[in-house]
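Reminder, nothing fancy here: chain letters follow the sequence lines and each chain counts from 1.
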Amino acid sequence: MPTDALFRRLQQTGQQVRIEFEGRSLNVPADVSLAAALLLHGVGHTRESAVNGRPGAPYCMMGVCFECLMEVDGQANAQACLIEVADGMSVRRQRGARDLLIDPQLDEEVVDE
Amino acid sequence: MGKTDVIVVGGGLVGMSIAYGLALAGRRVTVLDEGDDALRAARGNFGLLWVQGKGYRNSPYASWTRQSVALWPRLNELLHADTGIDLHLRQPGGFQLCMDDAELAEETRRLNWLRDAFDGDYPFELLDPAQLKKRLPGVGPGVVGACYSPMDGHVNPLKLLRALYVACRARGVVIVNGLSVNAIDQCVNGFEVLTAEHRFNAEYLVLASGLGNRPLGAMLGMDVPVRPNRGQILVTERLQPFLHYPTTYVRQTDEGTLQLGDSLEATGFDDRTSSPVMAEIAARAVKCFPRLENVRMVRAWGALRVLSADGYPIYEAAHDSPGAFVVTCHSGVTLAAAHVLRLAPWIAGELDEPAIAPFNLARFKDLREVRYAH
């Protein structure tokens with residue numbers, strides 16, 4: 001059942017900045033957390049669990065539940081509720097776990113899987 | 001409460017393993033456990049099934065450890081059949097990473113002693129940095145070498161504890177939480193265990209309370225020499241699988257996080273974390289795998305190991321209190337299979353297991369004499 005978003009700002013004040021979410025350009029208030037900015041836009045889920053793929057969205061808004069993990073300007077597993085938006089910020093959903101990009105072997109064959 | 005054959009005091013990995021093994025043997029079991037303010041070594045575990053290097057100059061302990069690891073697939077099947085829980089048991093072998101030549105030489109000496117003790121049947125390999133790099137991509141230049149043994153493995157220790165609870169309940173074990181034992185009385189038909197508001201009776205009694213076994217043992221006139229040793233563990237953000245083997249310092253869990261650990265501290269009953277030790281653990285992990293340098297930490301905890309006076313398990317059938325047993329060890333995960341499938345049947349009187357005898361309390365009398373003699 002579709003419902004109106006209950007998450008909205010009490011006061012509309014101040015500047016807006018522009019961020020990019022999954023390639024989409026969004027105008028957001030300049031002085032809010034990234035998590036709040038995305039909730040204002042009703043973007044739905046912001047991550048897909050590394051354990052079971054379940055979609056997740058910002059929940060506790062205070063840095064403890066790790067539901068709001070996103071890739072922020074290339075940095076994986078960033079907590080969107082603890083980061084203030086900035087003009088030009090580029091964010092993507094955190095899909096699965098971070099990849100450390102360890103090269104299995106630079107110049108020699110790999111013995112073990 | 002219905003009639004019970006055995007009271008197990010302690011609901012950690014050791015107590016629950018024994019309760020499960022006794023239930024498998026058809027015994028009616030009641031487990032008495034403290035509340036969540038208890039020390040809870042079982043909830044701070046690193047999750048290794050570790051063999052290599054254990055039992056140096058004590059081959060009965062090395063044999064017991066190997067027996068347990070060999071029995072682990074059977075325990076895994078039993079728990080999975082009873083609960084459907086995947087413990088993520090993996091036994092691909094493990095690496096002891098050495099950070100300097102002295103450490104490598106000492107590990108080598110111990111492993112050679114053990115191989116001789118087993119007449120050559122003790123598989124391990126010593127790896128130089130080039131060989132190691134092939135086996136463990138991402139390992140750092142600060143690692144001077146490593147010992148690999150195919151006998152080692154790992155498991156998710158929290159899922160193990162949960163599976164033991166679920167399996168025990170499914171087999172009729174009564175688990176009572178939030179109790180402290182105030183007194184134990186011997187009576188004609190066994191034992192009466194008194195808590196603030198309840199009394200429990202059974203013919204057999206197993207004390208499996210970790211560090212609590214010292215005061216509980218004293219209630220039956222036994223000196224159980226156990227002491228706390230603190231370990232701290234750091235947990236990282238979830239990462240794509242890159243470390244496919246357990247190591248003693250760094251382990252990647254089935255759900256992607258890394259556990260970093262292996263600190264040793266005598267801090268009494270203080271089970272908190274401390275910044276200097278966490279910094280050392282983190283620095284060593286980065287030395288092992290330099291790519292971890294900018295990985296995020298999400299959690300840390302301290303927990304108290306249960307170490308006996310000589311570091312080995314205690315399996316005691318009390319002489320002066322027939323029907324009472326004391327069980328204590330440090331390696332509640334590694335030894336879980338032996339506890340379920342060997343120790344519990346021995347406690348139930350259904351298995352004559354000579355491998356258990358070397359771990360009785362009497363050995364500590366000799367230990368003291370030796371100490372005074374030197």
Can you confirm whether more than 12 heavy atoms, excluding those of [X], are under 6.0 Å from its [atom1] atom?
X: B/Arg162; atom1: CZ; answer: no
X: B/Glu103; atom1: CD; answer: yes
X: B/Arg272; atom1: CZ; answer: no

inquiry  = Need one label for B/Asn294: side chain, backbone, both or neither, based on atoms under 4.5 Å from any heavy atom in chain A.
reply    =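 Contact with chain A: backbone and side chain both.
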task = I would like to know whether A/Leu100 and B/Val295 meet side-chain contact (heavy atoms from CB on, under 4.5 Å); could you show each step before the answer?
result = CA-CA 9 Å; A/Leu100 278 188; B/Val295 161; 3.6 Å; yes
ask   = Is the backbone N or O of A/Ala97 less than 3.5 Å from a side-chain atom of B/Gln240, with the two atoms forming a donor-acceptor pair by type?
value =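 A pair under 3.5 Å: yes.
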inquiry  = Tell me if a side-chain donor or acceptor on B/Arg291 pairs with a main-chain N or O of A/Leu101 at a distance below 3.5 Å.
reply    =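 Yes, because the side chain of B/Arg291 sits within donor-acceptor range (under 3.5 Å) of the backbone of A/Leu101.
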ask   = How about A/Asn77 and B/Glu237: does a side-chain donor come under 3.5 Å of a side-chain acceptor?
value =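 Indeed, the side chains of A/Asn77 and B/Glu237 share at least one donor-acceptor pair under 3.5 Å.
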request  = Report the C-alpha distance between A/Gln75 and B/Arg296 in whole Å, list the side-chain angles of each, state the deciding distance to 0.1 Å, and finish with yes or no for side-chain contact (heavy atoms from CB on, under 4.5 Å).
outcome  = CA-CA 11 Å; A/Gln75 171 68 58; B/Arg296 291 156 190 260; 3.2 Å; yes
query = Which value, rounded to the nearest 0.5 Å, describes the distance between B/Arg299 atom CZ and A/Phe66 atom CZ?
reply =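 Going from CZ on B/Arg299 over to CZ on A/Phe66, the span is 7.0 Å.
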